[in-house]
Visitor: 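Structure below; questions to follow.
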Amino acid sequence: MSGKSQAQPAPRAPAARAPARPGPRPSAPAIRTVTLVAGEPGSTALDTAYDLMTALGGEGPRLQVVLGSGGERAVADVLRSRGVDMGIVTTADLKQAEAPGSGVVYIAKLHNVELHLLARRDVADLTDLDGRGVNLGESGSSTQQLARRLLQQLGIRVTEANLGPAEAAARLRGGEPEAIAASFFLTGKPAAHYAGLTEADGLHFLPIPYEPGLGDIVYPANLGRADYPGLIKAEAGIDTVAVSAVLVAFAWPETSERYRQLAAFTAALFSGFDRMRAPGRHPKWREVNLAASLPDWRRFKPAQQALDRLASAAGPGPAAGSAVAGASR
């Protein structure tokens, strides 16, 4: 045998490991969501809905806001549209649309919404509108319902136009043949649509008298100089009428998941209500008294329970500055 050592084979490099297969992904938690329909465009209802969405975003289920048509159709959306849990409507909508106990409950009576009547300078009084073109708001809207009732009560006949508030204001300022003499809009004061208008535009608000024949859901109200300094100069302001905005919900069965989500949202609203009155929110929140009742309508059971807890925590005496104090009628 030769003394020469034999060459040894080179050691084999270890085989590269295949990357580990990822394990199964943990199931994502179900997103808890409640849906609120609010309209009509430009109304206080949308501002209210946005405040609810942003102020309560960290508590309870996520709020999803859907633009609606307003009026009694908002009640129909709550009753019949798939996926809609709540709506912001007016007491006029409720009276027009359905009888109490028909599948809608209310969470809270909110603030008042005032009827605005913007007119050309040559229109001095409501009676001057007889026989002229007047915008009564979009077809089916809360504005249309209340304006029609008012004009009928006063015996004033007009040629009805159905426009949104922005288009109506443009026609009021213009001189085209299809121009209108005045325009109604039911919304909470101060309304952003009128913020940039002044008497130099040839426009002003007409006073609207309170008529007992309008029914017990209509209240006397006032548009003040501070609300619209460019259009109202009188210290006493302008008389008008108002109805109430209401947060309503579908009457889901108590054993359903949708009911539990609504209950969680309601608890977050009542416990966190002070945030709704924070600077930057709509000034109408300062009018809200969550304890205000809506005669002949049934309150959502978790809302009543939340009120009972607040009243128990407050003890005897007025609850000034809390969720159960406000100026809404």
Side-chain angles (χ1 to χ4, degrees), residues 38-45 68-77 79 87-100 104 112-120 123-169 171-172 178-189 191 193-194 203-223 238-246 248 296 329:
E40 57 210 72
S43 67
T44 315
S69 303
E72 62 185 278
R73 288 175 295 187
V75 181
D77 284 338
L79 281 170
I88 297 176
V89 301
T90 70
T91 45
D93 302 330
L94 290 173
K95 191 176 185 68
Q96 182 77 13
E98 299 285 345
V104 169
N112 289 341
V113 285
E114 293 82 14
L115 188 60
H116 297 64
L117 180 53
L118 189 67
R120 292 185 169 190
V123 181
D125 188 82
L126 256 171
T127 55
D128 293 340
L129 297 177
D130 197 78
R132 302 183 69 174
V134 178
N135 178 48
L136 270 59
E138 296 182 357
S139 181
S141 66
S142 308
T143 300
Q144 184 191 48
Q145 293 172 29
L146 186 55
R148 279 181 173 178
R149 187 183 302 179
L150 172 73
L151 293 172
Q152 182 178 17
Q153 181 70 25
L154 297 174
I156 298 172
R157 296 184 178 183
V158 301
T159 300
E160 180 175 333
N162 299 114
L163 309 169
E167 184 179 357
R171 290 203 187 183
L172 283 171
E178 65 270 24
I180 53 177
S183 175
F184 287 94
F185 188 37
L186 181 65
T187 191
K189 64 179 185 180
H193 280 295
Y194 305 128
L203 304 173
H204 67 133
F205 283 123
L206 285 180
I208 298 175
Y210 170 73
E211 293 286 332
L214 291 172
D216 57 2
I217 62 169
V218 181
Y219 318 127
N222 184 270
L223 304 178
I238 300 291
D239 288 337
T240 188
V241 296
V243 294
S244 290
V246 186
V248 300
D296 300 325
R329 296 186 56 175

Visitor: Compare every heavy atom of Gly164 with every heavy atom of Asn135, then report the nearest pair and how far apart it is.
Guide: ND2-O, 4.4 Å
Visitor: Would you mind reporting whether Phe205 and Leu118 have side-chain heavy atoms less than 4.5 Å apart?
Guide: yes
Visitor: His204 side chain to Val123 main-chain N or O, any donor-acceptor pair under 3.5 Å?
Guide: yes
Visitor: Which heavy atom of Ala168 sits nearest to which heavy atom of Ile180, and what is that distance?
Guide: O-CD1, 3.9 Å
Visitor: When Val243 is tested against each of Leu115, Leu146, Leu94 for side-chain contact (heavy atoms from CB on, under 4.5 Å), which residue passes?
Guide: Leu146
Visitor: How long is the gap from CG on Leu117 to CG on Leu186, to the nearest 0.5 Å?
Guide: 12.0 Å
Visitor: Test your reading of the model: is there a side-chain donor-acceptor pair from Arg120 to the backbone of Leu172, 3.5 Å cut-off?
Guide: yes
Visitor: Could you measure the distance from the CD1 atom of Ile208 to the CG atom of Leu223? Nearest 0.5 Å is fine.
Guide: 7.5 Å
Visitor: Any chance you could measure Ser142, atom OG, to Ile88, atom CD1, to the nearest 0.5 Å?
Guide: 11.5 Å
Visitor: Closer than 3.5 angstrom, by distance alone: can the side chain of Thr91 be matched with the main-chain N or O of Ser244 as a donor-acceptor pair?
Guide: yes
Visitor: Which distance, rounded to the nearest 0.5 Å, do you find between the CG of Leu126 and the CD1 of Ile156?
Guide: 4.5 Å
Visitor: Quick check against the 3.5 Å criterion: does Thr143 have a side-chain atom that pairs as donor or acceptor with the backbone of Gly137?
Guide: no
Visitor: Is there side-chain contact between Leu150 and Phe184, with at least one heavy-atom pair below 4.5 Å?
Guide: yes
Visitor: If I compare all heavy atoms of Thr159 with all of Gly131, which pair ends up nearest, and what's the gap?
Guide: OG1-O, 4.4 Å
Visitor: Looking at Pro165 and His193, what are the two nearest heavy atoms and their distance?
Guide: CG-NE2, 3.5 Å
Visitor: Would you please say whether a donor-acceptor pair under 3.5 Å links the side chains of Thr187 and Ser43?
Guide: no
Visitor: Just checking, any donor-acceptor pair under 3.5 angstrom between side chains of Asn162 and Glu160?
Guide: yes
Visitor: Work out which heavy atom in Phe185 is nearest to a heavy atom in Tyr194; give both atom names and the distance.
Guide: CB-OH, 3.2 Å
Visitor: Checking side-chain polar atoms at under 3.5 Å, does Thr90 have a donor or acceptor matched by the opposite partner on Asp93?
Guide: yes
Visitor: So, Gln144 side chain and Gly140 main chain: donor-acceptor pair closer than 3.5 Å or not?
Guide: yes
Visitor: Hey, does Ser183 have a side-chain heavy atom less than 4.5 Å from the side chain of Leu163?
Guide: no
Visitor: Would you say CD of Gln152 has more than 12 non-hydrogen atoms from neighbouring residues, nucleotides or ligands within 6.0 angstrom?
Guide: no
Visitor: Please name the pair of heavy atoms, one in Ala45 and one in Ala38, separated by the smallest distance, quoted to 0.1 Å.
Guide: O-CB, 3.8 Å
Visitor: In Å, rounded to the nearest 0.5 Å, how long is the span from CG of Leu206 to CG of Asp239?
Guide: 12.0 Å
Visitor: Rounded to the nearest 0.5 Å, what's the gap from NZ on Lys189 to NE2 on His116? Could you check?
Guide: 8.0 Å
